[in-house]
Amino acid sequence: MAHYCVNCGALLVPREIEGRMHQACPNDDFVLWHDPKVVTAVVVEAPGGVLLGRRGIEPGRGLWCLPGGFVNDDEGALDAAVRECREEIGAAVEVTGLVGVYHIAKTDAPSMVGIGYRARLMDGETAQPGSEMLELEVFALEALPPLAFPSHRQILGDYVKSLGSPAAGGSRSDGGGARRSSPPSRSPARSPRPRTR
């Protein structure tokens with residue numbers, strides 16, 4: 001796909017910059033930087049497990065997911081996580097910690113930086129499906145359903161490890177470290193086994 005300079009309209013050409021090839025203008029200093037999008041996912045703790053929503057939209061319609069979504073350019077990631085929870089599970093949440101930061105590789109779209117949080121419903125709040133969810137349900141950590149996105153499985157796996165669960169086979173940690181990316185997702189809506197975004 002051809003791209004053009006926003007300054008002069010010239011066709012961008014390959015140029016090596018800092019050891020990597022980028023599309024750049026042959027006439028001025030414009031470079032088309034391919035930056036990742038930032039997305040949040042929230043592990044909402046509930047009695048008996050974690051709260052998941054069954055998606056009513058693509059990608060992943062009919063599969064389960066953590067509440068979350070893209071960060072707008074005028075908000076911080078934490079604010080986006082709280083906003084997305086209100087939109088998707090109809091309730092205000094209190095974010096209680098960071099699960100991890102992830103590189104989410106894509107083959108058919110820009111990559112993403114995923115930020116996984118843990119949270120709980122605010123006092124007096126009751127979860128109900130938002131416009132993008134068909135239903136909500138609390139799942140035990142050992143009985144999670146098929147998930148829409150590979151990264152959500154990764155976030156939930158790290159969340160379980162942070163609890164020091166014997167089933168996790170790990171010791172308690174704060175979960176605040178950066179995580180290696182999972183393999184690039186070609187079709188996030190097709191998940192034959194429980195995996196994550």
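We're numbering straight along the sequence, starting at 1. Owing to the predicted nature of the structure, the values given are computational and were not obtained by experimental measurement.
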Could you pull out the closest heavy-atom pair between [X] and [Y], with the gap in Å?
| X | Y | answer |
| --- | --- | --- |
| C85 | V44 | SG-CG2, 4.3 Å |
| A77 | I115 | CB-CD1, 3.6 Å |
| C5 | F30 | SG-CB, 3.7 Å |
| F70 | A80 | O-CB, 4.4 Å |
| C65 | L147 | N-CD2, 4.2 Å |
| L121 | A127 | CD1-N, 4.2 Å |

Problem - Sequence-distant partners of Y4, side chain to side chain contact (heavy atoms under 4.5 Å, CB included), two or more places apart - result: A2, L11
[X] side, atom [atom1]; [Y] side, atom [atom2] - distance, nearest 0.5 Å:
| X | Y | atom1 | atom2 | result |
| --- | --- | --- | --- | --- |
| E135 | L52 | CD | CG | 10.5 Å |
| R118 | T96 | CZ | OG1 | 5.0 Å |
| T126 | L136 | OG1 | CG | 11.5 Å |

Residue list, side-chain hydrogen bond (donor to acceptor under 3.5 Å, both in side chains) with [X], at least two apart or on another chain:
| X | answer |
| --- | --- |
| H3 | Q23 |
| E94 | R120 |
| Y159 | E45 |
| E125 | none |

Practice task
Treating Ile, Leu, Val, Met, Phe, Trp and Tyr as nodes and any side-chain heavy-atom pair under 4.5 angstrom as an edge, say whether L32 and V6 lie in one connected cluster.
Solution key: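 Yes; tracing contacts between hydrophobic side chains, which count when under 4.5 Å, links both residues.
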Practice task
Spell out, yes or no, whether Y117 and M122 are grouped together once hydrophobic residues are joined by side-chain heavy atoms under 4.5 Å, including indirect joins.
Solution key: no
Practice task
Check for a donor-acceptor pair, side chain of S111 on one end and backbone N or O of I104 on the other, with a separation under 3.5 Å.
Solution key: no
Problem - R61 (side chain) donor-acceptor with G56 (main chain) under 3.5 angstrom - result: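 It does hold such a pair.
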Exercise for the section: Please report the C-alpha distance between R83 and E75 in whole Å, then the side-chain angles of each, then the deciding distance to 0.1 Å, and finally whether the salt bridge (charged side-chain N to carboxylate O under 4.0 Å, His left out) criterion is met. Expected result: CA-CA 10 Å; R83 172 184 56 76; E75 65 184 347; 2.6 Å; yes
Practice task
Give me the one residue out of L156, I89, V42 that meets side-chain contact (heavy atoms from CB on, under 4.5 Å) with L66.
Solution key: L156
Exercise for the section: Output every pair passing side-chain hydrogen bond (donor to acceptor under 3.5 Å, both in side chains) with a member in residues 25-34, not counting sequence neighbours, ordered by first then second residue. Expected result: none
Problem - P36 side chain near M112 side chain, heavy-atom distance below 4.5 Å - result: no
